[in-house]
Amino acid sequence: MQQDITKDVLGLVRKFIKEHKISLSEFARKSGVSKAWLSKLYNSDANLSMATAAKILDFLGYKFEVKKTVGSRLKKTAKFYIVIKKKGE
């Protein structure tokens, strides 16, 4: 199953902001991601790089793993998916 990491990360960001009752600016400052970029992400106008996803997920207490689909032995046909987990799981 293909997973859209941008939507997943955005959902975690929104949940964190709501639960901690902080602004987007505050989240940006604390996480080390620019407010302008975070606003673009909120408006579905940004592509989330793996490096930025890792930075945001690390701040939120998560990590991601890239896994290869079972049965994908050849490089040309290999398929990958991403699993987001709480740190320590």
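Model, not experiment: these values are computed from the prediction.
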Exercise for the section: Quick one: list whatever passes salt bridge (charged side-chain N to carboxylate O under 4.0 Å, His left out) with Lys40, sequence neighbours left out. Expected result: none
Problem - Those residues that, when tested against Lys86, pass side chain to side chain contact (heavy atoms under 4.5 Å, CB included) (two or more places apart) - result: Tyr62, Glu89
Problem - side chain to side chain contact (heavy atoms under 4.5 Å, CB included), paired with Ile56, selected from Val9, Leu12, Leu10 - result: Val9
Handout entry: Pairwise distance OG(Ser25) to CG(Leu38) - rounded to 0.5 angstrom
Key = 9.0 Å
Problem - Atom pair OG/CZ of Ser23 and Arg29 - distance to nearest 0.5 Å - result: 8.5 Å
Fill in the blank from the handout: Residues passing the salt bridge (charged side-chain N to carboxylate O under 4.0 Å, His left out) test with Arg14, sequence neighbours excluded, are none
Handout entry: Minimum side-chain heavy-atom gap Phe64-Asp58 below 4.5 Å
Key = no
Handout entry: Donor-acceptor contact present, side-chain Lys55 to main-chain Gly32, <3.5 Å
Key = yes
Practice task
With sequence neighbours left out, write down each residue that passes salt bridge (charged side-chain N to carboxylate O under 4.0 Å, His left out) with Lys63, or none if nothing qualifies.
Solution key: Glu65
Fill in the blank from the handout: In short, ring-ring contact (aromatic ring centres under 6.0 Å, His included) pairs touching residues 38-60 with sequence neighbours left out are Phe16-Phe59, Phe27-Phe59
Fill in the blank from the handout: Minimal heavy-atom distance between Ala28 and Ser34, with the atoms involved, is CB-C, 4.0 Å
Exercise for the section: Report the residues that fulfil salt bridge (charged side-chain N to carboxylate O under 4.0 Å, His left out) with Lys21, sequence neighbours left out, ordered by chain and then residue number. Expected result: none
Problem - Under 3.5 Å: donor-acceptor pair, side chain of Thr52, backbone of Leu48 - result: no
Practice task
Could you tell me which non-hydrogen atom of Leu57 sits nearest to which non-hydrogen atom of Ile84, and how far apart they are?
Solution key: CD2-CG2, 4.1 Å
